[in-house]
Structure formats: C-alpha cells, structure tokens
There are 2 protein chains.
Amino acid sequence: MEKIHPQYEARANILKAMGHPTRLFIIEALDEKERCVGELTEKIGSDVSTVSKHLSVLKNAGLVRDEKRGTSIFYSLCCPCVMDFIGCIETVLKTNAEKQMDIARCCGAKIPEA
Amino acid sequence: MEKIHPQYEARANILKAMGHPTRLFIIEALDEKERCVGELTEKIGSDVSTVSKHLSVLKNAGLVRDEKRGTSIFYSLCCPCVMDFIGCIETVLKTNAEKQMDIARCCGAKIPEA
DNA sequence: TGTATATTTGGCAATATAGCCAAATATACA
DNA sequence: TGTATATTTGGCTATATTGCCAAATATACA
C-alpha cells in the first residue's frame, strides 16, 4: 500500500465513516433537520452510548458538527452534498438486482422483465 | 440497530466497499480505463493476492465487473457515477482543513487566510 | 448548593477486516 | 500433453470495529 497517496487515505476515511447503516441513517435524519443525541437514539433504538459513538465517528470525519444549545447538543450535517451519493448508490443496487434476475432466468426461473 | 431499514444496510455496504484507500485507488484507475489484476497490482505495489481480494470486495458490492479476455481478467467500473462522490468528499476535506486552521489561529499561530 | 438530565468515555467481548504467504486453479500456448 | 502465466483461495496473525454496560462528566435549574 506504500504507493497509495495519502489523499486516498483521507477520502477513504470519509467513505468509511459513511459506510455503516446506523450512520447512514443518522446522516439522512440530519439532512432533514438538526437533531440532538436523544432524539436520534430514540429513532435508532440502540443504546445511547452506541449512538454517541457513531456521532463521534461522523464528527471526526468532518461530516457533522455539534452545537450545544439549552440542555442538549444538536448535531447537523456539514456538507449536505453527501446526500447526492444516494442516487448513484441506488443505481448500483438496481443494477445488482437486475444482474441477479438475469442469473435466475439463466437457471430457468420465470421472472418477468423489469 | 433493529429499527434501521435493510435498505440502509445495502447502501452502507457500497460505501464500506469504497471506504479503503486501495479500493478507492482501484476505482479511480478503472474509471480511466479497464485494467487487469496484474496491472493494478503493479500500480498499487502490494501482493497480488491482496489486490485480488480488494477486487472481489468491489465486485461483490457490484461496483466493478470482470471479463476474461485472452490471458487476463479485465476489471471495469460498473457505475462511473461513483466518481462524482469525489467532488463532495474534497469539499468535506477542505472544510476540515479550514476548521483546523481556525483552531490554530485561535491558539496564536499566524496563518494567512485561505 | 444539590439533583436530575444529557451526553461522553472506558472497558470488555464478539466479530470483521487487512495483508501476507503458500497453495490451488484455470488456461493459453509451445 | 506439459508448462508457464494469471488469478483466486485458504489460512494465519494483527488490527480495527461494533455494541453493550457501567461509570464519568457536564450543566441547567430547582
């Protein structure tokens, strides 16, 4: 890996931070509006410490920022452009699903065209 | 994590597959043109088995496809739209760098404005 | 000041990932 | 057919990640 430029490392860190279902859920929730830890925890349904750690991963990557206000800490999305990734990701998933169906058809399954 | 929809899992898998410097390097190289394992291995400089495994991660995620031709197996990018992520990722990184400089300035360091 | 509330941190066990070597596989072609 | 070449797989160790609980921290407010 020595030939790989550190720039790839930095970029990969951002994608890695996004590469977890809970964190993706958080990102989407924050794209709608800023939210505090408790609110996210309730939506997600796991331990608050787990959610807190996911938030710290996202914050460390620079994807979210936090701001203390009143009795809570509100998290918000730094760069909403990350939500634009979803369209392309869905394209990949759709392509995968089509490939799967082609394979199934090859095996004799009767599946109508998309 | 029970409340998280499986769709988030699927999306996260794609991002996770992209979240490694070597794999990001491979994606970029394949965006330019299709390449065989040996060629990628030489560019990357790690063991060919390591590169092969990275390629299988990418293939499994549906990000690349492989095609045997002649004596080699050529890999190519399934959805070039993933390269569009880079612009936003660079925005995140730039924002992070600016934040860092603000912090440095707060500590008394003399750094010119960007 | 004392207490309840919100959040983070430490620590642990389970699991996943990365990278290397050696070995297996596949196959073009002499 | 036999051999060299390209790629994948198995297996191992080291390291990283995840998620929970318990404990620490911070702070608004009675």
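Naming: A, B, ... by sequence-line order, numbering from 1 per chain. Side-chain atoms are counted along with the backbone in the values below, which use heavy atoms only and exclude waters and symmetry mates.
- Applying the 4.0 Å criterion to OP1 and OP2 of D/dA16, one finds that A/Lys16 has every side-chain N and O outside that range.
- The phosphate of C/dT17 (OP1 or OP2) has no side-chain N or O of B/His54 nearer than 4.0 angstrom.
- With a cut-off of 3.5 Å on both Watson-Crick or G-U wobble distances, the partner of C/dG11 is given as D/dC20.
- Put simply, CG on B/Leu77 and CZ on B/Arg35 are 11.5 Å apart, with the number rounded to the nearest 0.5 Å.
- A/Glu39 places its CD atom 18 Å from the P atom of C/dT5, with the value rounded to the nearest Å.
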Worksheet entry | salt bridge (charged side-chain N to carboxylate O under 4.0 Å, His left out) between B/Lys16 and B/Glu9, intermediate numbers included | CA-CA 10 Å; B/Lys16 190 159 62 170; B/Glu9 194 99 32; over 6 Å; no
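- Using a 4.5 Å heavy-atom cutoff, the side chains of A/Asp66 and A/Leu55 are not in contact.
- Checking A/Glu67 against A/Tyr75 by side-chain atom types alone, no donor-acceptor pair falls below 3.5 Å.
- Distance, A/Asn13 CG to C/dT17 C1': 15 Å, rounded to whole Å.
- At the heavy-atom level, A/Lys59 lies nowhere under 4.0 Å from the strands shown.
- One can place CG of B/Leu55 at 13 Å from P of C/dG19, the figure rounded to the nearest angstrom.
- No continuous path of hydrophobic side-chain contacts links A/Val57 to A/Met18 [ILVMFWY only; heavy atoms under 4.5 Å].
- Between A/Glu39 and A/Lys33 there is a salt bridge, with a side-chain nitrogen of the basic residue lying less than 4.0 Å from a carboxylate oxygen of the acidic one.
- The separation between B/Ile26 atom CD1 and C/dG19 atom P is 10 Å, rounded to whole Å.
- A salt bridge links B/Glu28 to A/Arg11: at least one charged side-chain nitrogen sits closer than 4.0 Å to a carboxylate oxygen.
- Following chains of ILVMFWY side-chain contacts shorter than 4.5 Å, one cannot reach A/Phe74 starting from A/Phe25, and the two form parts of different hydrophobic clusters.
- Sorted by residue number, the members of residues 60-78 of chain B with any non-hydrogen atom under 4.0 Å from DNA chain D read B/Thr71, B/Ser72, B/Ile73, B/Tyr75.
- Base pairing annotation: C/dT3 forms a Watson-Crick or G-U wobble pair with D/dA28, both donor-acceptor distances under 3.5 Å.
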Any protein N or O atoms within reach of nucleotides 9-13 of chain C? Criterion: under 3.5 Å, listing atom names and distances.
from	atom 1	to	atom 2	distance (Å)
C/dG10	O6	A/Lys53	NZ	3.1
C/dG11	O6	A/Lys53	NZ	2.4

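- Atom NZ of B/Lys99 is surrounded by more than 12 heavy atoms from other residues, nucleotides or ligands within 6.0 Å.
- Put simply, CZ on A/Phe25 is 17 Å from P on D/dT18, counting in whole angstrom units.
- Taking a pair to require two hydrogen-bonding distances under 3.5 Å in either a Watson-Crick or a G-U wobble arrangement, C/dA16 pairs with D/dT15.
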